[in-house]
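Okay, structure first, notes after.
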Amino acid sequence: MLQKWRRKRTHFPLLSLFSVLFSLFVIGVTILYNQRSIRQILEDREQQQLSITQTSLLSSDPSKASGVNNQNQALVASLDRFTKCASTRRYSGKKTVRIDRMMETDRRRGIPERCDLFSGKWVFDNTSYPLYNESHCPYMSDELACQKYGRTDLRYQNWRWQPHNCNLKRWNATEMWEKLRGKRLMFVGDSLNRGQWTSMVCLLQSAIPADKRSMSPVAPLTIFRAEEYNASVEFYWAPLLVDSNSDDPVNHRLKDRIIRPDSVLKHASQWENADILVFNTYLWWRHGPIKLLWSSEENGVCEELDGLRAMELAMEAWAEWVASNVNTLIKRVFFVTMSPTHLWSREWKPGSEGNCYEENTPIDVEGYWGSGSDLPTMRMVENVLGKLRSKVSVVNITQLSEYRKDGHPSIYRKFWQTLSPQQLSNRTSYSDCIHWCLPGVHDVWNELLFNLL
Ligand SMILES: *[C@@H]1O[C@H](CO)[C@@H](O)[C@H](O)[C@H]1NC(C)=O
Ligand SMILES: *[C@@H]1O[C@H](CO)[C@@H](O)[C@H](O)[C@H]1NC(C)=O
Ligand SMILES: *[C@@H]1O[C@H](CO)[C@@H](O)[C@H](O)[C@H]1NC(C)=O
Ligand SMILES: *[C@@H]1O[C@H](CO)[C@@H](O)[C@H](O)[C@H]1NC(C)=O
Ligand SMILES: *[C@@H]1O[C@H](CO)[C@@H](O)[C@H](O)[C@H]1NC(C)=O
Ligand SMILES: *[C@@H]1O[C@H](CO)[C@@H](O)[C@H](O)[C@H]1NC(C)=O
């Protein structure tokens with residue numbers, strides 16, 4: 001008996017080493033798998049954009065279709081989806097941006113103490129919410145129209161954000177249009193920011209008679225106009241903020257991400273005349289290493305850097321543009337923080353193996369934080385935005401959206417790729433736990449924006 005036990009014991013370290021290695025392998029594979037599916041979900045716009053672009057090319061003047069791009073052609077050769085690295089080496093440590101120096105002359109303005117709008121809780125409120133009806137918004141996106149795609153539990157539409165120490169001013173479309181009169185409001189970023197733009201358009205459109213509004217869906221710049229206010233609400237596709245090989249809103253399913261870490265020129269020419277700018281960037285940096293192609297590099301040699309530090313370089317290049325181009329008397333700039341994902345239900349329900357699929361209530365643990373919101377990224381963003389001081393206002397949606405595991409489309413959206421029988425047999429496997437159903441979480445981000453304007 002004893003001997004048997006001893007023998008077992010001597011095997012134990014080996015066995016446990018093996019099982020540790022095996023678990024690491026499984027974790028690794030699962031992470032890779034999930035990164036792949038995040039990537040797929042983020043990229044799967046491709047086909048729809050194609051059809052939008054094709055429709056608009058067919059139905060409108062083709063010269064208009066490309067017209068928006070022609071002013072101010074990039075001064076540095078810009079990247080496109082055909083850009084290749086001649087070779088790749090490790091990051092040299094190069095930095096070109098000196099925000100600290102640029103902001104030295106900016107007098108620190110006292111920012112009045114205000115209630116923290118981002119600290120609070122979700123309150124079920126089916127008398128005031130939703131703020132609009134999904135089927136009544138003609139600009140709704142099929143990726144976010146969860147009710148149309150079969151979601152029957154609709155409570156995700158009924159939550160109001162209640163800050164702890166004050167009340168949000170209630171959404172009022174007319175008042176928002178008054179704030180926008182004669183102005184261009186432009187959202188710049190990735191598909192999460194596009195969701196917020198769609199929400200804003202849906203929140204605003206019903207206040208305008210149908211013949212006094214228009215939508216020109218010509219990617220990468222999509223423009224919603226309201227004649228009587230001489231105002232527009234626009235979305236510009238720039239998922240990495242700096243110039244990159246992924247800036248084509250149709251074709252961006254690429255093996256490598258290549259960016260110009262020191263240039264936002266191509267994009268800035270599109271956004272520089274907007275009066276109110278709402279930026280975001282985050283998830284596109286989370287799929288592994290990024291290739292850097294500096295403007296001064298003539299031989300096509302790239303450097304390779306992890307997503308977080310590459311994002312920092314991009315944020316700094318963007319911040320430099322803000323620091324030197326934004327006059328806060330005539331322009332407002334907002335930055336929307338990380339949009340959380342809910343890919344692992346074990347994080348809020350230990351022992352479970354799902355994701356956001358079939359979740360239908362918010363998390364009610366105050367301060368809950370999941371692995372979809374990367375803390376080092378949060379600190380880096382805070383640091384970069386801090387240097388810009390009053391030039392940029394933060395729309396800090398991360399914590400409040402963390403609670404909303406119930407707010408994602410999961411399987412209730414249009415998927416542009418055909419799902420395999422294998423995927424269809426396991427609904428968790430193709431659930432979208434990244435984007436947000438409308439009406440829903442995005443509307444609250446916009447109410448916050450409305451309160452900050
Ligand atoms: C609102 O929710 C309550 C409680 O769930 C329910 O009794 C009531 O019928 C709902 N009202 C509407 C208008 O959906
Ligand atoms: C939304 O519109 C649909 C179809 O017109 C209607 O059945 C439903 O009652 C509406 N819901 C709300 C909350 O207005
Ligand atoms: C919305 O705002 C407009 C313009 O400021 C105001 O006239 C109207 O009374 C407001 N509506 C509500 C319901 O508060
Ligand atoms: C409309 O707004 C634009 C700025 O977005 C401005 O340049 C133009 O003068 C405005 N037109 C009128 C008629 O107010
Ligand atoms: C956003 O809020 C979180 C707390 O929820 C905080 O840790 C973070 O620093 C804030 N981010 C920015 C950019 O201010
Ligand atoms: C379904 O897919 C999820 C996520 O890909 C996976 O974790 C799970 O093991 C799968 N379930 C079954 C029964 O295959």
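Every number for a ligand or one of its atoms is a count from 1 in the order of the listing. Predicted model only: the values in this text are computed from it and were never measured.
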Run the numbers for me: atoms of ligand 1, each under 4.0 Å from some heavy atom of F124, listed by number. 2 (O)
of all protein heavy atoms, closest to atom 9 (O) of ligand 5 is E382 OE1, 2.6 Å
Which residue holds the protein heavy atom closest to atom 11 (N) of ligand 1, what is that atom called, and what is the gap in Å? N126 ND2, 2.9 Å
Go through it in stages, so that I can follow the logic: the residues are K169 and E175, the test is salt bridge (charged side-chain N to carboxylate O under 4.0 Å, His left out), and I'd like the CA-CA distance, side-chain angles, deciding distance and then a yes or no. CA-CA 11 Å; K169 186 167 63 173; E175 195 180 335; 3.2 Å; yes
Numbered atoms of ligand 4 (with element) below 4.0 Å of G182, judged on heavy atoms: 2 (O), 4 (C), 5 (O)
Nearest-neighbour protein heavy atom for atom 3 (C) of ligand 5, which is reported as residue plus atom name and distance: N396 ND2, 3.6 Å
Should the proximity of M378 to ligand 5, defined as any heavy atom under 4.0 Å, be assigned to the side chain, the backbone, both, or neither? side chain
Evaluate the side-chain proximity of F187 to V233: yes if any heavy-atom separation is below 4.5 Å, no if none is. yes
Any donor-acceptor pair under 3.5 Å from Q399 side chain to Y368 backbone: yes
So, for W122 and Y403, is the gap between ring centers shorter than 6.0 Å? no
If you scan protein heavy atoms around atom 12 (C) of ligand 4, the nearest is N230 ND2, 3.1 Å
R151 charged N/C atom sitting above Y149 aromatic ring, 6.0 Å / 45°: no
Could you tell me whether H267 and W321 have their ring centroids closer than 6.0 angstrom? no
Does atom 5 (O) of ligand 5 have any protein heavy atom closer than 4.0 Å? yes
Looking only at heavy atoms, is any part of Q399 under 4.0 Å from ligand 5, and if so is it the side chain, the backbone, or both, or is it neither? side chain
Between W318 and F335 (judged by ring centroids, cut-off 6.0 Å), do the two rings come close enough to count as a pair? yes
